[in-house]
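Down below is the structure, laid out as structure tokens.
Labels below follow one simple rule: chain letters A, B, ... track the order of the sequence lines, proteins then strands, and each chain is numbered from 1. Note that this is a predicted model, so its numbers are computed, not measured.
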Amino acid sequence: MIDLGHRWRIWVIASIAITALSGLGVRLAFLHFGSSHDALRTRILKSRHSEEEILVGRGRILDRNGNILALDLPVKDIFADPKVIIDKGHLQFVVSHLARLLNLNGKILFDRLNRPGKRFVYVKRFVKNDLADEIARLQLTGIHFEDHTARHYPQGALMCHAIGFSNWEGVGSAGIEQKMNRYLKGRSGLRVSERDGRRRELYSRRTLEIKGQTGSDIYLTLDQNIQFMVEEALDRAMETHQPKGAWAIVQRVRTGEILAMVSRPCYDLNGFRNTSAEVRRNRSISYVYEPGSTFKAIVIASALNEGVARSDQLIDCEHGRWIYQRRPLRDFHPYGSLSVADVLKKSSNIGAAKIALSLGKRRLENYIRAFGFGKPNRLNLPGEEAGIFHRYSSWSAISSTRIAMGHEIAVTALQMLNAVCAIANDGFLMRPIVIEKVVDVHGRTVFDPDPEVIARPIRRDTAKEMRYLMHRITERGGTGTRACIDGYDVAGKTGTAQKPVPGGYSDTANIASFVGFAPVENPEIGIIVVVDEPQPLHTGGRVSAPVFKEIAEEVLRYLDVPPGEVKPYLQFVNYENRNTDQKNRAY
Amino acid sequence: MPKRKKQKQNRKKQEGGFAFPAPLASILLLAAILSLSYLWVHGRCEALGVYIQDLEAQKEKIYNQFLNEEYKWSNMKTLPNIKAALLRNGSVMSWPNEDQIVRVFSSREEDSISAKNQYAQYSGSVMND
């Protein structure tokens, strides 16, 4: 039986309970049926809803042997909450540890963190995970970490101009990184889900997950080892001749594959932000220069192919000075009559000019264009120049004579090398390629460029004859004897071009180059070496030919190219003896 | 009627009065079992979800570690580093002389890096052919 004295308590408790439940009921009714129901529902769903972009890394860049040249690495940004650090009195302690581990200036870091009003300050960005983990283990007050990925280049400066770099946003901004960005960048994924009150994702509420696809891997035709050999040779040349710059390319003759592409000065890809645009310039494809005497090989090949000259035909070289169209033309060394073969061997300007004249303007232009000059090679690298080569209709009366010696035309090193490789390759002009293949994340090859013939400027027999004529240049009496290699027969052409300055040509600034291939009988590789303003030596034969020799010697060994001897193809003609006997046939 | 007797009668009335219907009890029992099963399955799913998330995080961590190691390995075997290591250990490498090389002709043909194919399947015209 209920005690009447306590009945009022029951009423009070019941009233409170009824009031509370009524209140809750009203609130529930209001939430479910009230005017702000939709807005509230939207707000709640919005706060729980989560759409997360699944970021993926860029693909890797590898050399032809699978050595990694560029890859994305997980890194951490380290930032600080200065207010918390100062409030706890740990500023000095935190600064001393961070400065030591991150190799930062302690005083500068102290000044940056000694700001009580600040809640966020970057300490260092893109710190490698190992180091970040070491710092995290110290549990420093007010120090936080944020995950990121950043591009890293394990080889540093090796192949820097070919590889290029991607910026902080992960967008390719130079070299292969830029040109092949569409393959490298991959496709980010999407995850639609809900989060709980502590912002943790609820797996059971995950409604959509589109997996991200990491970017494809790019395999280059470049070979890390060959590249290193060429870079070392060029570095030595830079030290010896103190030039403004130097660049070299190694190309496989039969396929057009670029095995090495070097440009000096160079830079460390991991610190590309600290370099100037001039240093980042890939001179092998973007520096346009007058090729000088190396171009004589093209002109003479054209004349031989066209039948307007024969290799044993004598040309009167006017003893070193020839007036044509009231303009003088000089040879470095004066010669009387030289055979066409010796015009090339001795690099006579006058002889080459006369051969070019015999070809005629229109045919000369056609041949030069057929050799690939005046247009870019459509290499998979950004910044490739087309060179400068005008139509014959706009040439002056002396243009043919100047083009014959590599003036009035500007080329890139790649164009020059590719043209000479066409001579080495039975006249077939191959398209230069730097991409071997592109492999996606599932291992499928999505891009696989085949070697492509883009033109055939000369016949097989002309090409063969030219190979031997160019081989003579590296023999005794030629301008390229310093390019000779023990055990291998080498063919090539030297070039020393004065640099154009306002009002004419400079007497002191030259571009020294050597372009050639080896072995002569069965050419495997073509190499060009260009040195910009070498000092004090300045000729292609003295500056670039020895660099060619250094490179070719190692590369031929590395590629296991068997040495071969030149067949006595042209030995039926003794040019030296005929030079004096056949003056009557001189042009 | 005395109060005590009335209370006794009431107890009797209650004992013989309301009996919970068996079908309803079954339904309620079934509902309770289903509810509990649902709760158990739900809890299990949540636990699995957390486990999957853990595995995902673990996978990402391992992948990141793999990338770091790959980077370190690539960095370690760069040519300047190898060269420095050789110098440190006093090792000198040089090319063999030509007379020290024995070339096996048939194997060279198959394995040599030299391009076997002439890729010049050119259908265009040759200048002055």
Side-chain angles (χ1 to χ4, degrees), chain A residues 57 67-69 71-74 128-130 147 152 154-156 158 200-204 206 224-225 228 252-257 302 305-307 363 366-367 370 425-428 430 450-460 462 486-487 522 524 553-554 557-563, chain B residues 7 41-54 56 60-61 63-83 94-99 101 103 105 107-109 111-129:
Chain A
N67 294 305
I68 297 172
L69 306 171
L71 81 167
D72 266 13
L73 268 192
K128 292 210 178 76
N129 273 1
D130 292 352
D147 287 321
H152 276 82
Q155 310 281 352
L158 194 86
R200 291 177 307 193
E201 193 219 346
L202 295 165
Y203 186 82
S204 56
R206 198 181 277 185
Q224 171 187 287
N225 298 323
F228 184 68
R252 180 167 277 163
V253 167
R254 303 283 176 207
T255 59
E257 292 166 291
S302 308
N305 196 66
E306 200 61 17
R363 279 191 295 190
N366 287 344
Y367 270 100
N425 191 28
D426 291 337
F428 293 102
M430 307 300 294
D450 282 329
E452 182 191 353
V453 181
I454 47 179
R456 191 170 189 191
I458 53 174
R459 296 184 310 273
R460 184 185 297 267
T462 313
D486 286 341
N522 188 19
E524 183 64 39
E553 215 164 29
E554 287 209 78
R557 281 292 186 84
Y558 171 74
L559 293 178
D560 191 23
V561 178
Chain B
Q7 280 175 350
V41 170
H42 179 74
R44 190 83 194 109
C45 284
E46 290 291 323
L48 280 174
V50 171
Y51 181 61
I52 291 169
Q53 280 176 314
D54 280 352
E56 280 176 348
E60 197 181 328
K61 197 177 167 188
Y63 181 66
N64 287 347
Q65 273 177 357
F66 163 72
L67 287 178
N68 271 316
E69 293 305 316
E70 198 173 35
Y71 174 77
K72 278 189 217 162
W73 173 235
S74 301
N75 201 27
M76 202 183 287
K77 63 182 181 136
T78 56
L79 294 165
N81 283 345
I82 290 175
K83 215 176 163 184
S94 61
W95 292 107
N97 293 327
E98 195 54 43
D99 55 1
I101 301 171
R103 293 179 193 279
F105 190 70
S107 69
R108 184 184 61 77
E109 264 195 338
D111 304 332
S112 167
I113 194 165
S114 62
K116 286 184 279 292
N117 299 324
Q118 167 57 266
Y119 287 98
Q121 278 78 44
Y122 184 60
S123 55
S125 60
V126 186
M127 301 274 284
N128 193 31
D129 195 10

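Between the side chain of A/Glu201 and the main chain of B/Gln53, no donor-acceptor pair closer than 3.5 Å is present.
Using a 4.5 Å heavy-atom threshold, the side chains of A/Gln224 and B/Lys77 count as separate. Taking 4.5 Å as the limit, every side-chain heavy atom of B/Trp95 sits out of range of all side-chain heavy atoms of A/Glu553.
No more than 12 heavy-atom neighbours from other residues, nucleotides or ligands sit within 6.0 angstrom of CH2 on B/Trp73. Summarising the local packing, CG of A/Asp486 is surrounded by 12 or fewer heavy atoms from other residues, nucleotides or ligands at distances under 6.0 Å.
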Could you give me the CA-CA distance, side-chain angles and deciding distance for B/Glu46 and A/Ser204, then say whether side chain to side chain donor-acceptor pair (under 3.5 Å) is met?
CA-CA 6 Å; B/Glu46 290 291 323; A/Ser204 56; 2.6 Å; yes
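Heavy atoms closer than 4.5 Å to chain B are found in both the backbone and the side chain of A/Asn366. Residue contact with chain A, scored on non-hydrogen atoms closer than 4.5 Å, involves the backbone and the side chain of B/Leu79 alike. Using a 4.5 Å cut-off between heavy atoms, A/Arg206 contacts chain B through its side chain alone, with no backbone atom that close. In this structure, chain B has heavy atoms under 4.5 Å from both the backbone and the side chain of A/Glu554.
The two residues A/Tyr203 and B/Gly49 have their closest heavy-atom pair at CD2-CA, 3.4 Å. Contact record, A/Pro154 with B/Asn75: O-OD1, 2.9 Å, taken as the closest heavy-atom pair. The shortest heavy-atom contact between A/Leu71 and B/Leu67 is CD1-O, 4.2 Å.
Ranked by heavy-atom pairs under 4.5 Å with chain B, the first of A/Ala370, A/Pro457, A/Gly487 is A/Pro457.
A distance of 13.5 Å separates CD of B/Glu70 from NE2 of A/His152, quoted to the nearest 0.5 Å.
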